[in-house]
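The chains referred to below are lettered A, B, ... by the order of the sequence lines, with proteins before strands, and numbering in each begins at 1. These numbers come from a predicted model, not from an experiment.
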2 protein chains.
Amino acid sequence: MGLRERKKARTRLAILDAALDLFLEQGYDSTTVDQIAGSVEISPRTFFRYFTGKDHLVLGFHDQGVEIMMDTLRGRPTDEPPFTSLSHALRAVTRDMEDSTPEDAARFLKLRRIFDDNPRLVGLSVAKVAETEHALVREIAARRGVDPDSDRLSRLIVAFAMSTMRVGFECPLHDVADLNEIVRRMRETIELAEGLMRPDLNPADWNPTDPNTPDSNTPDSNTAERDTVDRDGSHRDA
Amino acid sequence: MGLRERKKARTRLAILDAALDLFLEQGYDSTTVDQIAGSVEISPRTFFRYFTGKDHLVLGFHDQGVEIMMDTLRGRPTDEPPFTSLSHALRAVTRDMEDSTPEDAARFLKLRRIFDDNPRLVGLSVAKVAETEHALVREIAARRGVDPDSDRLSRLIVAFAMSTMRVGFECPLHDVADLNEIVRRMRETIELAEGLMRPDLNPADWNPTDPNTPDSNTPDSNTAERDTVDRDGSHRDA
DNA sequence: TGTAATATGTCACCGACTGACATAGATTAC
DNA sequence: GTAATCTATGTCAGTCGGTGACATATTACA
């Protein structure tokens with residue numbers, strides 16, 4: 001990696017850290033791009049060459065998450081119920097959080113506190129999620145052998161999974177400075193979501209136009225499999 | 001209603017209609033507030049006294065929807081499973097759409113086409129949903145007798161319900177100019193979502209810390225009840 | 001060292017949005 | 001009907017986020 005690349009990476013992080021600190025000190029809305037640029041001795045114009053906008057500073061983490069989910073998804077067996085695959089993908093994200101460097105962990109905690117102070121950011125966050133969701137829908141639809149554009153079941157399942165992640169993230173904490181607690185909460189939320197879904201239902205062979213079909217599903221050994229899945233939080237599958 | 005009120009209502013609708021038409025003609029982003037204001041002979045400053053911003057024009061419908069959902073929710077029996085209550089609330093919104101005046105129906109169809117052309121608006125829409133969601137969470141949590149802030153199950157269920165609505169709204173149509181088809185799609189999506197959830201599970205008596213509890217639930221007569229619920233789309237309960 | 005690639009800064013600009021103030025119109029009291 | 005009041009609107013100036021264009025400084029490579 002050349003000098004150029006390294007310097008770029010360094011200033012990028014400098015901007016990010018300066019911004020997060022400013023957001024914590026004086027709030028997201030009250031902090032201007034000029035301030036951020038000024039505090040890292042950078043022209044405001046340059047700021048926009050590193051980040052597409054102020055939101056990018058605070059929403060950038062999400063791209064990484066989706067990437068991890070996509071990788072995990074591709075590694076899961078095709079005959080697995082879609083929501084189970086997505087649960088694994090979500091857990092992979094939490095594992096990545098655990099394995100992050102101390103610097104990234106600190107950034108994440110700051111981010112979390114910033115989100116707490118600015119509910120509007122949660123909205124922005126889900127907006128970004130909704131726009132990125134399509135990649136996941138395509139993947140899920142492909143596994144189920146259906147058309148990603150017209151199939152609503154795939155969209156629903158993905159939307160549920162992403163909602164789960166959001167609820168897990170924004171849920172109130174006792175100690176906001178503990179990354180492990182955040183991770184634990186997220187995993188609990190994922191389990192909660194799994195508990196809400198029909199465990200015996202593989203939507204691949206469910207025909208919504210005929211309401212009787214799902215009832216014929218047998219609550220077979222899937223339950224046992226789900227239990228083992230629930231407990232292997234430390235297992236890597238990506 | 002005095003002359004003042006009437007005039008205000010009239011200009012408000014004039015602004016809205018002019019804006020929707022402009023959005024359709026030249027796109028949402030390419031349309032400026034000055035243009036909208038100009039086309040209704042209004043000062044740009046006045047525009048912002050009627051609408052909080054450009055998004056308000058396109059996201060305003062949502063407030064009405066949440067209001068209907070809240071009213072419906074309050075009319076549902078307390079012992080009903082939360083997602084069932086929310087399904088009814090969602091259906092109430094679709095019924096309201098059906099019963100809307102021809103003018104409102106036309107506006108809604110325009111809106112739908114605008115959303116199709118500008119995927120970013122879908123993001124903005126869910127952002128607004130996420131910010132409004134809290135009222136619904138509080139209602140659901142109150143019915144379940146739990147703390148709205150700490151209880152994740154209530155949040156999850158509400159998030160799922162709102163996701164359902166979004167998926168139903170944005171799903172591709174054969175005829176974008178037919179409000180009935182949109183309504184039909186939404187109801188199908190609601191049914192789909194209901195099929196994804198455990199029908200026999202009332203989360204009120206499910207303890208997530210003990211994974212064995214939900215398995216002990218019996219798939220009893222609830223299933224039958226759900227079927228009748230699925231078909232009374234034309235029944236008013238608000 | 002010289003040259004091409006690229007990162008940065010400067011400047012001018014647009015569009016969304018807001019506060020302050022003046023004015024024109026509608027409402028009410030008398 | 002007129003005066004006094006309330007409020008809706010317009011004007012103006014200004015802030016902030018964001019972008020294109022162009023010049024310049026820095027790095028990479030031969």
Side-chain angles (χ1 to χ4, degrees), chain A residues 1-16 18-20 22-23 25-60 114 117-121 123-125 127-128 131, chain B residues 1-23 25-60 114 117-121 123-125 127-128 131:
Chain A
M1 190 158 63
L3 199 158
R4 228 171 202 157
E5 305 282 326
R6 268 182 296 154
K7 190 180 175 187
K8 271 180 72 174
R10 214 174 336 120
T11 54
R12 184 185 173 84
L13 284 181
I15 296 174
L16 180 60
L20 292 182
L22 283 171
F23 291 160
E25 284 172 31
Q26 36 179 338
Y28 178 79
D29 289 311
S30 313
T31 304
T32 145
V33 172
D34 292 36
Q35 283 179 339
I36 301 170
S39 84
V40 283
E41 322 259 34
I42 280 294
S43 142
R45 189 65 182 87
T46 303
F47 169 87
F48 288 106
R49 293 196 175 99
Y50 281 91
F51 296 91
T52 60
K54 231 168 87 174
D55 351 353
H56 193 188
L57 288 163
V58 109
L59 266 43
I114 295 169
D117 296 339
N118 301 75
R120 215 189 93 238
L121 291 183
L124 282 188
S125 176
K128 175 140 196 177
E131 290 169 48
Chain B
M1 187 157 64
L3 199 158
R4 227 172 203 158
E5 306 281 327
R6 269 182 296 155
K7 190 181 176 188
K8 271 180 71 173
R10 214 173 339 117
T11 54
R12 184 185 172 86
L13 284 182
I15 297 174
L16 180 60
D17 286 328
L20 291 183
D21 286 335
L22 283 171
F23 291 161
E25 283 172 32
Q26 36 178 338
Y28 178 79
D29 290 310
S30 314
T31 304
T32 142
V33 171
D34 291 36
Q35 282 180 341
I36 301 171
S39 85
V40 281
E41 323 258 36
I42 281 294
S43 141
R45 188 67 183 87
T46 303
F47 169 87
F48 288 106
R49 289 199 251 260
Y50 280 91
F51 296 92
T52 61
K54 232 168 85 175
D55 358 1
H56 194 188
L57 289 163
V58 108
L59 265 43
I114 295 169
D117 295 339
N118 301 74
R120 214 189 93 238
L121 291 183
L124 281 186
S125 175
K128 177 141 195 177
E131 290 170 49

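Here D:dT7 presents its C1' atom at 17 Å from CZ of B:Arg6, a figure rounded to the nearest Å. Note: CD (B:Glu41) to C1' (D:dT11) measures 17 Å, nearest angstrom. Here the C1' atom of nucleotide D:dT11 and the CZ atom of B:Phe48 are 15 Å apart, to the nearest Å. Between A:Ile15 atom CD1 and C:dA7 atom P the separation is 13 Å, expressed in whole Å. Put simply, NE2 on B:His56 is 17 Å from C1' on C:dT18, counting in whole angstrom units. To the nearest angstrom, P of C:dC17 lies 13 Å from CZ of B:Phe51. Atom-to-atom, CZ of A:Arg12 to P of C:dA7 comes out at 13 Å; the value is rounded to the nearest Å. Across the protein-nucleic acid pair, A:Lys7 atom NZ and D:dT27 atom P stand 5 Å apart, rounded to whole Å.
Looking at heavy-atom distances under 4.0 Å, A:Thr31 makes contact with sugar-phosphate atoms alone, never a base. When heavy atoms are screened at a 4.0 angstrom cut-off, A:Thr32 is found touching the sugar-phosphate backbone but no base atom. Backbone-only engagement by A:Tyr50 is indicated by non-hydrogen atom pairs under 4.0 Å involving sugar-phosphate atoms exclusively.
A:Ser43 contributes atom OG, which lies 9.0 Å from atom CG of A:Asp34 (distance to the nearest 0.5 angstrom). Residue B:Leu57 holds its CG atom at 8.5 Å from CZ of B:Arg12, rounded to the nearest 0.5 Å.
In terms of position along DNA chain D, the nucleotide closest to B:Ser43 lies nearer the 5' end than the nucleotide closest to the other residue of the pair B:Ser43 and A:Tyr28. Between B:Arg4 and B:Pro44, the residue whose closest nucleotide on DNA chain C is further toward the 5' end is B:Pro44. Judged by closest nucleotide on DNA chain C, B:Lys54 is the one of B:Arg49 and B:Lys54 placed further toward the 5' end.
Taking B:Tyr28 as the reference, nothing meets the side chain to side chain donor-acceptor pair (under 3.5 Å) condition, with sequence neighbours excluded.
Using a 4.0 Å cut-off between charged nitrogen and carboxylate oxygen, A:Asp29 and A:Arg120 count as a salt-bridge pair.
For the OP1/OP2 pair of D:dA8 and a distance below 4.0 Å, the side-chain nitrogens and oxygens of B:Lys8 include at least one atom meeting the criterion. A sub-4.0 Å separation between OP1 or OP2 of C:dG9 and a side-chain N or O of A:Thr46 is present.
Side-chain atoms of B:Ser125 never come within 3.5 Å of backbone atoms of B:Leu121 as a donor-acceptor pair (strictly under, hydrogens ignored).
Side-chain atoms of A:Arg45 lie closest to D:dT19 of the nucleotides D:dG17, D:dT9, D:dT19.
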